[in-house]
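The structure appears right after this line, and notes come after that.
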Amino acid sequence: MKHDRPPRLVMHIGPHKTATTYMQANFHDNAEALLKRGWLYPSIGERVGIAHHDLSDHEDQFVHRKGPAYDDFMRVLQRADRDGLDILLSSEGFRRWKKRHFQAIGDLIGRRKLTVVYTLRDPLDTIYSFWAQKASMGSAPSLPTWMEKPLRSPARATFMNPLREIRPVAELPGVDYKVLLYEEIRRQEIDIYAYFLEVALGIDDLKPTKPSTNERLPIELTEFIRLLAKESSFPTGKANSRRAVHIGLVMRFLFKPEEKARIIETMAKAGTPARRTLSLPRKSRRFTAIERRLLLVLRERMYPRPAGKTLFGRRVATFTYYDDEALREIPEIRELLQAALKKTKKTYPPLAALNMGKRLLVGWRRIRKRVRF
């Protein structure tokens, strides 16, 4: 497929909790339709099949030009060069990359035009939603601990001040940096996947085929999973993700609907003494200063283009969580924990089968990658 313009590489970099999984599921499901329109969305993921975390996890390999991630990228690039295709990559992990990593990609792709797409969401909603996601996978501390550092120095925290991670890359020569406005897209009831395709790829005739995913669990179930992970010392992290499922999937697949309903009900009723609320003002001087700076620096890169002087709402942000130690003092909660602990043991047959399935799936993805590239 020949173009009258330089070929392109578009990197969708998240961050988390901005409909990334929904978009990745649709990129992956519509890979053939994208290919017919000249875009290669490569199926090279092992850790996660629909995205490119295996590339974003190993950024230094692109600087040193050696390693499995670098090799995979070069195979994708060679196929795209051979067939005259543009390339689309997507991983939330790309947002952690530094200037030198994007510079290394720029050197590798030669005459290809590099476009980076970032989705900007209200920082307070983003940081809470990401905590809830991590908590539902068993790998987050308590909400106050999670919030402590960003709230103490908002301007120095990337979730509170996205310019810290956006600006260094946006200012690189030759990089086309686009910022999608999450709240405005939702306000206008625009499908974010279709809007991404239009803004970033110039495609306006594809609709989503996969529904929205990663729906937030009730806070009662989220906090029970987090507590269960601590009580059981359940393994977490990327190193474990290729060998075993995370504890959130244990809850999803090994607990019956009536068991989850009982957990939610017991946490809501018996857990009342442990329930806490964290309220944060959006009208604070530090919050509005960050918002003004975002508009000043990025307005011309924003889609849809903001018409006013604000990006985010002004209502007080109110978040609910549960206190760990107080929960442990409640007999009904301790009883639930004791009953649930047996399902977190790696020798528990259904969990052993789940983990075996995960290893087989990763192995199959590795074979698929080798066959296709």
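Since the model is a prediction, treat every value here as computed from it, not as a measurement.
Atom CE of Met356 has 12 or fewer neighbouring heavy atoms from other residues, nucleotides or ligands inside a 6.0 Å radius. More than 12 heavy atoms of other shown residues, nucleotides or ligands fall within 6.0 angstrom of atom NZ in Lys260. More than 12 heavy atoms of other residues, nucleotides or ligands lie within 6.0 Å of CZ in Arg299, so this atom counts as buried by the packing criterion. At most 12 heavy atoms of other shown residues, nucleotides or ligands fall within 6.0 angstrom of atom CZ in Arg315. Atom CZ of Arg370 is surrounded by more than 12 heavy atoms from other residues, nucleotides or ligands within 6.0 Å.
Nearest heavy atom pair, residue Thr126 against residue Lys17, reads O-CG, 4.3 Å. Contact record, Ile50 with Ala25: CD1-N, 3.7 Å, taken as the closest heavy-atom pair. When all heavy atoms of Thr272 and Ala268 are compared, the pair lying nearest together is OG1-O, 3.0 Å.
Using modelled atom types and a 3.5 Å distance limit, the side chains of Arg96 and Ser56 yield no donor-acceptor pair. At a cut-off of 3.5 Å, with distance as the only test, a side-chain donor of Glu165 or Tyr118 sits close to an acceptor on the other residue. Inspection of the Ser139 and Thr236 side chains reveals no N or O donor paired with an N or O acceptor under 3.5 Å. His101 and Asp60 share a side-chain donor-acceptor pair at under 3.5 Å. Looking at Ser43 and Arg372, their side chains do bring a donor and an acceptor atom within 3.5 Å of each other. Residues Thr266 and Glu332 have side chains that never bring a donor and an acceptor to within less than 3.5 angstrom of each other. A donor-acceptor contact under 3.5 angstrom links the side chains of Ser90 and His12, judged on distance only. Between the side chains of Asp191 and Tyr22, a donor-acceptor pair is found at a separation under 3.5 Å. A donor atom on one side chain and an acceptor atom on the other are found under 3.5 Å apart for Asp29 and Thr209. A donor-acceptor contact under 3.5 angstrom links the side chains of Tyr193 and Asn30, judged on distance only.
Remark: side-chain polar atoms of Glu220 are not paired, donor with acceptor, to backbone N or O of Ile263 under 3.5 angstrom. Looking only at distances, a side-chain donor or acceptor of Glu223 sits under 3.5 Å from a matching main-chain atom of Tyr322. At distances below 3.5 Å, not a single donor-acceptor pair connects side-chain atoms of Asp86 with backbone N or O atoms of Leu9. Listed for the Asn355 side chain is no donor-acceptor partner under 3.5 Å among the backbone atoms of Ala244. A side-chain donor-acceptor contact under 3.5 Å links Tyr128 to the backbone of Thr320. Side chain of Trp131 to backbone of Pro141: a donor-acceptor contact under 3.5 angstrom is found.
Between Ser91 and Asp57 there is no side-chain heavy-atom pair separated by less than 4.5 Å. Side-chain atoms of Arg112 and Arg8, non-hydrogen and from C-beta on, never get closer than 4.5 Å to each other. Counting heavy atoms from C-beta outward, Thr277 and Phe319 have side chains that stay 4.5 Å or more apart.
We find that Arg282 and Asp122 are joined by a salt bridge, their nearest charged nitrogen and carboxylate oxygen being less than 4.0 Å apart. No salt bridge links Lys256 with Glu259; every basic N to acidic carboxylate O contact stays at or beyond 4.0 Å. Salt bridge Arg187/Glu183: absent, no basic N to carboxylate O contact under 4.0 Å. Ion pairing between Arg100 and Asp107 fails under the 4.0 Å rule for side-chain N and carboxylate O. Under the 4.0 Å criterion applied to side-chain N and carboxylate O atoms, Lys36 and Glu32 are not assigned as salt-bridge partners. A salt bridge is absent between Glu184 and Arg305: the closest approach of a Lys/Arg side-chain nitrogen to an acidic carboxylate oxygen does not fall below 4.0 angstrom. Electrostatic pairing of Arg301 and Asp176 does not count as a salt bridge here, judged by no charged N lying under 4.0 Å from a carboxylate O. Salt bridge status for Arg262 with Glu258: absent, with no side-chain N to carboxylate O gap under 4.0 Å.
The side chain to side chain contact (heavy atoms under 4.5 Å, CB included) test with Leu327 is passed by exactly one of Met267, Arg226, Arg334: Met267. Between Met11 and the options Thr115, Val175, Leu114, a side chain to side chain contact (heavy atoms under 4.5 Å, CB included) holds for only Leu114. Only one option out of Arg243, Arg366, Arg365, Arg359 pairs with Glu46 in a salt bridge (Lys or Arg N to Asp or Glu O under 4.0 Å); it is Arg366.
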Criterion salt bridge (Lys or Arg N to Asp or Glu O under 4.0 Å) on Glu171 and Arg167, from CA distance to verdict
CA-CA 6 Å; Glu171 292 179 345; Arg167 193 167 190 174; 2.8 Å; yes
Checking salt bridge (Lys or Arg N to Asp or Glu O under 4.0 Å) for the pair Arg79/Asp83: CA distance, chi angles, key distance, verdict?
CA-CA 6 Å; Arg79 178 185 168 183; Asp83 296 342; 3.6 Å; yes
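Ring centroids of Phe130 and Trp146 are separated by less than 6.0 Å, placing the two rings close together. The aromatic ring centroids of Phe27 and Phe196 lie less than 6.0 Å from each other.
Geometrically, Lys343 engages Phe255 in a cation-pi contact, judged by NZ or CZ lying under 6.0 Å from the ring centre and within 45° of the ring axis.
Relative orientation of the Phe62 and Phe73 rings is perpendicular, given thresholds of 30° and 60° on the angle between their planes.
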